[in-house]
Every structure is written in structure tokens, then in C-alpha cells.
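This report refers to the structure that appears directly beneath it.
This is a predicted model, so every value here is computed, not measured.
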Amino acid sequence: MTTELELLEAHACFGGSVQRYQHYSESCHAPMRFSVFLPPHRADQRLPVVYFLAGLTCTEETFMIKAGAQRYAAELGLILVAPDTSPRQTGIPGEDDDWDFGSGAGFYVDATAAPWSAHYQMHRYVTEELPALIDRHFPANPQQQGICGHSMGGHGALVCGLLHPDQYRSISAFAPVCAPSRSPWGQKAFAAYLGPDQRRWRSYDTLALLKDTAGTTTTPLLVDQGRADPFLEAELKTRWLEELKDDRLTLRWQEGYDHSYFFIASFIGEHLAFHARHLREMSPV
């Protein structure tokens, strides 16, 4: 696994620093980029880290620029990490043709169907390679990891958290794609990345995973959903989470909010406080 990081830019921010990096990914066999916010901290301090997975068409910069999260992370002493949403410029035909598939739309799965399987290994990248890089190069405590995301990235955060309960101590999402096996966005992506056998899709479907892990994990989940979200009924299926009555899940409906980063910016402080509380309760420094 490569350890070489190329610093693309760095900016002082709320007493800390926003930094953007590129490296060659052994998982994706392609260059990958990610952004990091480092809060003010002592030289000997190891800090909790929250990974944020962005949605369709976004990059590693979107969350850092639009969410307004750095002020809260500085106050709470949290490292923030935001990876890109897919490999890019891999040479796969059609990779850049659609806004909801291919570049910017990796869906945080490990593709098993050709030609995507050669590069689109986003689940392994997010849950294995990237955390190892962060642990090696930044003052992160690997025992204090939380994960958050929006839309496609909300799907990714919930799936990663549910599949790796010993790794992520807190999980949250904004307007996640809750049942991708039964939504147009998810069906399009899963059919191409994973093939037509829908039994493979279940491993990346939040609704299915919540049912499969009921009673076996206790990791807390926080989901915020805007009632004015235009994708709510056709793509997100958030109401189906409510029907589960899962004690791990806190589902909050926000009146008047849509699918935009204005929605995320309005509640990101509460999400980061949720992560900080649970990370420090479960794995004190």
C-alpha cells in the first residue's frame, strides 16, 4: 500500500488547517484525492476522526467548501476527512457519460463486474486504505472513528458503518439513499457495478442491512431528512427507515429543508456533536 501523499493545497482555518491531497490508490489502481481538516491540537494529541462521504457529482472539495463544518470541528477537536466520490480518468468507456453513474458516482461499493471492477473499489478504499493513510500521516486515533455522508454518501456511510461495527463508533447521514436496490439511482449503479444477481446487492442496501443486523450491533445512527427534498419518494425511500422502529436509529424529519448543502450546513454542527459525544464515550483518550 502506497504511503506517498502529494499536498495539493493548504489553508489556515479556525485555528487549524484544511489540506487537500492526492495519492495513488492500491485499491482503485488510480490516483485518488481527499481533503482533511485538522483542528487546533497539541503535538502529542491523537484526535477522533469523522469521515464524510459526499453525494453524486461531488468531489473531495465539496463538503469542505460548502458545509461550514470546520468551525464546529475546531471547537469539538475532530479531524474531518472527505474522500472523492469515485476514481477518475481510468479510461473505462462511458465513465464520464452520465452524472449519476461512473465519475463522481462510485456508490461506495466494490465493483465485481467488468470493466468497473478494475478500478471502482470504493468500499475497500473508504474502509481500509484511506483510514490506514490517515492513521499513518495524521494525528488520528484509529479507535475513535465515525462516519457521515449525504445522499449517495449517506448510503455509503450507513452501509460502511453497519458492515464494520467494530471500526465506526458512530454513524450519521443526511438524506441517504436508504434502499438503493429499489431506487432508480441504485438500480442503475448496482446493475453495472455488481451485475444482475440482486443477491449481491443486499450487502450494500441499508434497509436490508438494518434488518440483518438487528439485535447484533448497538452502534448509534442519526439520520436527518428534509420533508421538502425532491428526491424523497422516488430515490431516497427514507420513510421505510421509520417503519423499522430500530432502537439504534434516530430519524429526524426537518420541515422545509431540501436536498442541498444549505440543509447540511443547517445541521452539521449537531451531527458533529453527536459523533464527538459517542466517540469519546466509547473510546476515551
Side-chain angles (χ1 to χ4, degrees), residues 14 37 50-58 61-76 78 80-82 85 99-100 105 107-108 146-162 168-180 182-186 205-211 219-279:
F14 290 102
F37 172 70
V50 176
Y51 292 84
F52 187 90
L53 307 184
L56 291 168
T57 75
C58 293
E61 295 186 276
T62 310
F63 172 73
M64 291 294 180
I65 292 172
K66 291 186 173 184
Q70 292 92 329
R71 176 168 68 89
Y72 302 107
E75 294 171 356
L76 294 165
L78 296 175
L80 303 178
V81 180
T85 49
W99 69 273
D100 59 351
F107 269 84
Y108 304 102
I147 193 163
C148 180
H150 170 235
S151 193
M152 176 188 71
H155 139 76
L158 292 170
V159 166
C160 289
L162 289 168
Y168 302 105
R169 303 300 184 180
S170 53
I171 309 165
S172 74
F174 294 88
V177 182
C178 298
R182 287 181 277 178
S183 74
W185 284 343
D205 189 294
T206 292
L207 195 68
L209 288 173
L210 282 169
K211 293 177 180 178
T219 308
L221 299 94
L222 172 63
V223 173
D224 270 323
Q225 175 62 61
R227 290 194 185 275
D229 192 321
F231 304 111
L232 176 58
E233 301 300 338
E235 298 288 1
L236 305 180
K237 314 292 188 186
T238 314
R239 298 187 196 283
W240 295 359
L241 292 184
E242 198 167 42
E243 297 172 4
L244 292 178
K245 302 187 185 305
D246 193 311
D247 291 340
R248 295 169 292 178
L249 172 65
T250 299
L251 174 59
R252 308 192 310 184
W253 292 94
Q254 305 295 353
E255 292 291 343
Y257 286 90
D258 56 23
H259 201 71
S260 70
Y261 265 79
F262 297 112
F263 169 46
I264 297 173
S266 299
F267 299 101
I268 190 63
E270 295 176 28
H271 278 243
L272 294 182
F274 162 84
H275 286 284
R277 181 173 67 255
H278 286 290
L279 292 177

Listed by chain and number, what are the side chain to side chain contact (heavy atoms under 4.5 Å, CB included) partners of [X], not counting sequence neighbours?
| X | value |
| --- | --- |
| Glu242 | Leu251, Trp253 |
| Leu210 | Leu162, Thr206, Leu221, Leu241, Leu244, Asp246, Arg248 |
| Pro230 | Asp258, His259 |
| Arg71 | Phe14, Glu75 |

Any residue meeting ring-ring contact (aromatic ring centres under 6.0 Å, His included) with [X], in chain and number order, not counting sequence neighbours:
| X | result |
| --- | --- |
| Phe274 | His278 |
| Phe63 | Phe52 |
| Phe263 | Phe174, Tyr257, Phe267 |

Exercise for the section: Please test Leu207 against Cys178 for side chain to side chain contact (heavy atoms under 4.5 Å, CB included), starting from the C-alpha separation and ending with a verdict. Expected result: CA-CA 6 Å; Leu207 195 68; Cys178 298; 5.6 Å; no
Taking the side chain as every heavy atom from C-beta outward, state whether [X] and [Y] have any atom pair closer than 4.5 Å.
| X | Y | answer |
| --- | --- | --- |
| Leu158 | Ile171 | yes |
| Leu279 | Val50 | yes |
| Thr85 | Met152 | yes |
| Leu53 | Tyr108 | yes |

Quick one: closest heavy-atom pair of [X] and [Y], and the distance?
| X | Y | result |
| --- | --- | --- |
| Cys160 | Ile147 | CB-CD1, 3.7 Å |
| Ser151 | Gly55 | CB-CA, 4.5 Å |
| Gly154 | Ala173 | CA-CB, 3.8 Å |
| Ala157 | Cys148 | CB-C, 3.5 Å |
| Lys66 | Tyr261 | CB-CD2, 3.6 Å |

Fill in the blank from the handout: Trp99 meets the side-chain hydrogen bond (donor to acceptor under 3.5 Å, both in side chains) criterion, sequence neighbours left out, with none
Handout entry: side-chain hydrogen bond (donor to acceptor under 3.5 Å, both in side chains) partners of Gln225, counting only residues at least two apart
Key = Asp229, Thr238
Handout entry: Main-chain N/O of Met64 paired with Gln70 side-chain donor or acceptor, under 3.5 Å
Key = yes
Practice task
Could you tell me whether the side chain of His150 and the main chain of Ile264 form a donor-acceptor pair under 3.5 Å?
Solution key: no
Practice task
Under the salt bridge (charged side-chain N to carboxylate O under 4.0 Å, His left out) rule, collect the residues that match up with Glu243, sequence neighbours excluded.
Solution key: none
Practice task
Kindly write out the residues that satisfy salt bridge (charged side-chain N to carboxylate O under 4.0 Å, His left out) with Asp100, not counting sequence neighbours, or none if the list is empty.
Solution key: Lys188
Exercise for the section: Could you tell me if the ring centre of Phe231 sits under 6.0 Å from that of Trp185? Expected result: yes
Handout entry: Leu80/Tyr51 under side chain to side chain contact (heavy atoms under 4.5 Å, CB included): CA gap, chis, key distance, verdict
Key = CA-CA 6 Å; Leu80 303 178; Tyr51 292 84; over 6 Å; no
Problem - Pairs involving residues 265-276, ordered by first then second residue, that meet side chain to side chain donor-acceptor pair (under 3.5 Å) (sequence neighbours left out) - result: Ser170-His275, Ser172-His271, Ser172-His275, Asp224-His271, Arg252-Glu270
Problem - Worked verdict on Leu78 versus Tyr72 for side chain to side chain contact (heavy atoms under 4.5 Å, CB included) - result: CA-CA 8 Å; Leu78 296 175; Tyr72 302 107; over 6 Å; no
Problem - Asp205 CG to His155 NE2 distance, which is reported to the nearest 0.5 Å - result: 8.5 Å
Practice task
Start with the C-alpha distance between Glu235 and Val177, add both sets of side-chain angles, then the distance that settles side chain to side chain contact (heavy atoms under 4.5 Å, CB included), and finish with yes or no.
Solution key: CA-CA 6 Å; Glu235 298 288 1; Val177 182; 5.6 Å; no
